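Quick caveat: nothing in here was measured; it's all calculated off a predicted structure. Each chain gets a letter, A, B and so on, in the order its sequence line appears, and its residues count up from 1.
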Amino acid sequence: MASQAVTPQSEDFSKWYNEIVYKAELADQSPVRGCLIIKPYGYELWEAIKSGLDRRFKATGHQNAYFPLFIPESFLKREAEHVEGFSPELAVVTIAGGKELEEPLVVRPTSETIIMDAFKQWIQSYRDLPLLINQWANVVRWELRTRPFLRTTEFLWQEGHTAHATAEEAEAETKQMLDVYADFAINDAAIPVIKGKKSDREKFAGAVHTYTIEAMMRDKKALQSGTSHNLGQNFAKAFGIQYVDENNQYQYVWTTSWGLSTRMIGAIVMTHGDDKGLRLPPKVAPYQVVIVPIYKNDTERGAVMETVDKISKELAAHGIRIYLDKRENLSPGFKFNDWEMRGVPVRMEVGPKDVEKGTVALARRDIPGKEGKQFVPQENLAARVLELLNEVQANLLQQAADFRDANIHDVTSYDQMKQVIEQGGWARGWWSGTGDDEAQIKDETGATIRCFPFEQPSGAGQCFFTGQSAERIALFAKAY
RNA sequence: CGGGGCGUAGCGCAGUUUGGUAGCGCGCUUCGUUCGGGUCGAAGAGGUCAUGGGUUCAAAUCCCGUCGCCCCGACCA
C-alpha cells in the first residue's frame, strides 16, 4: 500500500522522485543492479502510453513486427559510428547451452542492425517501398549510472524502422514521427515538449541527423523524451539494402528509426508531480476516477453502495476508467491521501449526505484542498465527469507550459547564459559555435545543447558565445 | 571508475563508542471501535543482525577479508 508523505521537491528533487516511484507503486527495486520491476500500476501507465502511440503509428500506416533479442556481434560492427556509439554499453552472451558460442550474441541495445538485415531480404523493388515497421520490445544498455525509468539497464520501448525510395520521403517520415511523438506528449501526456534538431555531438550513433522532443521537468532540467532519426543511406550501404527502381536501376534505400521508451513514465512523474505525489493526466491515468464510499454503519453502507453501484455502471458505460476503493479497514481520509499519492485525476466521494441529497463530491487532483472539491448532482454525472477530466487534462498541460515558459530565458552573452544555467533555467540564444565550443560549455556549466528548436526567429543574430554571426538559435540546459 | 553513505523484522530506524544472547515506529494477523482529510484500543505473528574467517567463557558490537545497495560526479534513450 502506498503511504505517508513524501520529501518535498524543494528540499531534494531527486529524493522526491525516487520516493514517488516507489510510494505510488509504479515500480520496485530489482535484485539486479540498474534494472527495475515495473509494478501493475506503473505498467498500466505504460500500457496507456503504448496504446496512445500504437494508435497513432497505425494511423500513419505502420505495422508491428518482432525481431530477435539476440543480435550477432558482427552485425553491430557493420556501421562504424553505430558500433562506436554502442560498444561501451553492450551486454554480450558468449556462453549458451554450456558451450562457448562461435560468434558472441549481443543483447540488443537497439535493433537497427538486425532489422536492416531483414529489410535487405524483404526489399527488392520500388514496389516494396516504403516499408514501415514498428517493434515493441525491451532493450539493454549497460549504463554506468541508472535511475528508475529515466535510465535503466533494461528498458521497454518502441522502435520504428522504415525504408524509403528517396531522401525526401525518409526526411518526411522522420519529421512525421517526431510530430506523432509531440502530439502524444502534448495531448495525451500533457507535456509541452519542444521539437527540435540535435547537434552533431548529441545525435544518434549512425544517424545523419536526429530530431528530438525536449521536456522541462519541475526541477528545470531537460528530458529528451523521444527521438526520430534520419539515417540517410548509412545503414542501407552498410547492409546492402538496394531496390530496383522504375528504370531498372539499383538504388540504395533511405532509412529512418524512431523511439520512445518507459522514460516517458519518468517524464510524466517529473512534469506533473507535486509534494502530495503523482498527478496523472486523465488520458494516460490507469484510473481516471477513484470512488471512495463513506458510511458509518451497515444501514448507511447499504444505501451508499447501492448509489455507488448505479454511478459506477453509468461512468463505465461512458468509457470512464474507474476504481472503487472498497477497503473496509481504512478511513476515507487515508484513502484520499493514498490516491493523491497515486495521482488519480478525479476523486469521487459518495456518503450518506449524498445519498440523501442526490449528489456526489468530486475533487480534482490538480487543484488542492477545498478549492478543488465540489458537490454535484447525480443526474448527468458522466457528462460532468468527462468535462472535469478534460479540464484537468487541459490544466495540467497549461501549468506545465507556463512553468516551462517562465524558465526559458533569452541570452546574448556567455556570462548571461551561465547565470541562467546556474539558476536552473534553460538558455536560448543565437549559436554558431563548434562541437568543441559545445564541449567547453558543458565542461564549464554542465549544460548541453538540447536542440535547435524548429521554431526559429527570422533572420540572423550574433552568437552569444563566439560573437560571430549566427543563423539559428539553440536551447541549452542541464539534462537527465 | 573517483568521492560519500549504508547493510539489524515487509518498510524506516535505534542498539556498535564501553562485548552479556535484540528493540522502537509503521505495516501485517485477529477482535472490537471509528468512518465527509492520514480513527482508536487490545491481543498476536514476524529477525541465519549482508557474508566468510578470527579474537573471546561470551560478538549485531572488537579485528581481517568478501559481497551488495544507495547517493554525488564523468558516459548515455
Side-chain angles (χ1 to χ4, degrees), chain A residues 1-5 12 14-15 17-19 22-23 28-35 85-90 109-110 138-159 181 198 201-205 207 210 212-215 223-229 257-267 276-277 292-298 300-301 304 325 327-341 347-357 359-363 368-370 372-373 375 439 442-443 446 448 478-480:
Chain A
M1 186 180 321
S3 67
Q4 330 298 312
D12 186 340
S14 168
K15 200 167 172 192
Y17 177 77
N18 281 320
E19 288 178 6
Y22 301 120
K23 290 190 172 177
D28 243 354
Q29 296 198 4
S30 91
V32 181
R33 190 197 75 92
C35 293
F86 281 104
S87 60
E89 52 190 44
L90 296 179
T110 178
N138 57 336
V139 289
V140 167
R141 299 181 187 176
W142 221 257
E143 301 288 353
L144 296 178
R145 180 153 174 238
T146 59
R147 307 197 57 185
F149 294 117
L150 302 177
R151 183 169 302 100
T152 45
T153 298
E154 177 189 17
F155 58 93
L156 305 182
W157 77 344
Q158 60 65 219
E159 45 180 325
Y181 287 155
K198 283 290 183 192
R201 257 184 111 247
E202 303 271 333
K203 76 177 163 82
F204 177 74
T210 290
T212 176
I213 49 173
E214 297 286 326
L223 185 70
Q224 176 176 307
S225 308
T227 48
S228 184
H229 318 289
S257 70
W258 25 276
L260 187 147
S261 73
T262 36
R263 170 180 271 192
M264 181 54 77
I265 293 173
K276 282 180 161 294
V292 179
I294 294 161
Y295 45 78
K296 4 183 188 300
N297 52 48
D298 282 353
E300 285 184 358
R301 182 174 188 281
V304 165
D325 190 347
R327 292 176 294 180
E328 295 278 359
N329 53 333
L330 297 174
S331 68
F334 183 94
K335 292 178 182 177
F336 297 168
N337 287 283
D338 193 32
W339 291 106
E340 277 165 8
M341 176 63 72
R347 178 182 76 238
M348 180 183 298
E349 301 167 25
V350 182
K353 289 178 209 162
D354 296 304
V355 172
E356 195 183 312
K357 295 180 194 162
T359 58
V360 301
L362 291 179
K370 283 195 178 139
K373 186 162 155 177
F375 288 86
K442 184 175 184 190
D443 239 28
T448 49
K478 287 187 185 167
Y480 275 99

For C40(B), the Watson-Crick or wobble partner whose two distances fall under 3.5 Å: G32(B)
From C71(B), G37(B), A77(B), nucleotide with atom closest to Lys373(A) side chain: G37(B)
Lys442(A) side-chain N/O to C75(B) phosphate OP1/OP2 under 4.0 Å: yes
Nearest-Å distance once atom P is located in both G32(B) and G47(B): 28 Å
Proximal nucleotide (of C75(B), A77(B), G36(B)) relative to the Ile294(A) side chain: G36(B)
Test item: Arg347(A) and Phe336(A) side chains (from C-beta on) under 4.5 Å apart, heavy atoms: yes
Opposite nucleotide pairing with A14(B), Watson-Crick or G-U, both atom distances under 3.5 Å: none
Sugar-phosphate only, base, or nothing, as touched by Phe86(A) at under 4.0 Å among non-hydrogen atoms: nothing
Residues forming a ring pair (Phe, Tyr, Trp, His ring centres under 6.0 Å) with Phe86(A), sequence neighbours excluded: His82(A), Phe204(A)
Atom-pair distance (OH on Tyr181(A); P on A77(B)), nearest Å: 14 Å
Side-chain heavy atoms of Phe375(A) within contact of Lys357(A), under 4.5 Å: no
C1'-based separation of G65(B) from C1(B) [nearest Å]: 22 Å
Atom-pair distance (CD on Glu214(A); P on A77(B)), nearest Å: 10 Å
Spacing between Lys478(A) atom NZ and C75(B) atom P, to the nearest angstrom: 14 Å
Partners meeting salt bridge (Lys or Arg N to Asp or Glu O under 4.0 Å) with Glu328(A) (sequence neighbours left out): Arg301(A)
Length of the CG-C1' vector between Leu330(A) and G27(B), whole Å: 11 Å
G7(B) to U51(B) separation - C1' atoms, rounded to the nearest Å: 11 Å
Side chain of Gln29(A) (C-beta onward), nearest among A77(B), C70(B), C71(B): C70(B)
Distance (rounded to the nearest 0.5 Å) between Thr212(A) OG1 and Gln224(A) CD: 4.0 Å
Gap between atoms CG and C1', on Asn337(A) and G37(B) respectively (whole Å): 6 Å
Separation of the P atoms in G15(B) and G53(B), to the nearest angstrom: 28 Å
Distance, rounded to the nearest Å, where His229(A) contributes NE2 and A77(B) contributes C1': 8 Å
5' priority, RNA chain B, between Phe149(A) and Glu328(A) [closest heavy atom]: Glu328(A)
Point-to-point distance, once rounded to the nearest 0.5 Å, from NZ of Lys353(A) to OG1 of Thr359(A): 10.0 Å
G23(B) versus C31(B) - spacing of their P atoms, nearest Å: 28 Å
hbond_proxy Glu349(A) side chain to G37(B) base (donor-acceptor, 3.5 Å cutoff): no
Spacing of the P atoms in C64(B) and C28(B) (rounded, Å): 43 Å
Mate of U21(B) where both pairing distances stay under 3.5 Å, Watson-Crick or G-U: none
Residue closer to the 5' end of RNA chain B, Val32(A) versus Thr227(A) (nearest nucleotide): Val32(A)
Side-chain donor or acceptor of Asp354(A) paired with backbone N/O of Gly351(A) under 3.5 Å: yes
Pair Arg33(A)-Thr146(A), side-chain donor/acceptor within less than 3.5 Å: no
Candidates A77(B), C71(B), G38(B) - which lies nearest the side chain of Arg263(A): A77(B)
Out of C35(B), G38(B), C70(B), whichever nucleotide has its closest atom nearest the side chain of Lys296(A): C35(B)
Is_stacked (Phe336(A), G38(B)) at 5.5 Å, 30 deg: no
Sugar-phosphate only, base, or nothing, as touched by Lys335(A) at under 4.0 Å among non-hydrogen atoms: nothing
Interatomic distance, Arg327(A) CZ vs G27(B) P [rounded to whole Å]: 13 Å
Spacing of the C1' atoms in U17(B) and C71(B) (rounded, Å): 26 Å
Sugar-phosphate only, base, or nothing, as touched by Phe155(A) at under 4.0 Å among non-hydrogen atoms: base
Nucleotide forming a Watson-Crick or wobble pair with C69(B), both distances under 3.5 Å: G5(B)
Proximity to the side chain of Glu340(A) - top-ranked nucleotide from C71(B), G37(B), C70(B): G37(B)
Between G3(B) and G38(B) - P atom distance, rounded Å: 48 Å
Sugar-phosphate, base or nothing in reach of Arg347(A), heavy atoms under 4.0 Å: base
Side-chain-base donor-acceptor pair under 3.5 Å for Asp354(A) and G36(B): yes
Nearest listed nucleotide, side chain of Thr152(A), among G37(B), A77(B), G36(B): A77(B)
Which nucleotide in G37(B), G36(B), G38(B) has an atom nearest any side-chain atom of Phe334(A): G38(B)
Interatomic spacing from CD in Glu159(A) to CG in Leu260(A) - rounded to 0.5 Å: 12.5 Å
Protein-nucleotide distance (Leu144(A), atom CG; C70(B), atom P), rounded to Å: 14 Å
Presence of Asn18(A) side-chain N/O under 4.0 Å of C71(B) phosphate oxygens OP1/OP2: yes
Pair partner, U55(B) [Watson-Crick or wobble, under 3.5 Å]: none
Touch class at under 4.0 angstrom, heavy-atom based, for Arg33(A) against every strand present: sugar-phosphate
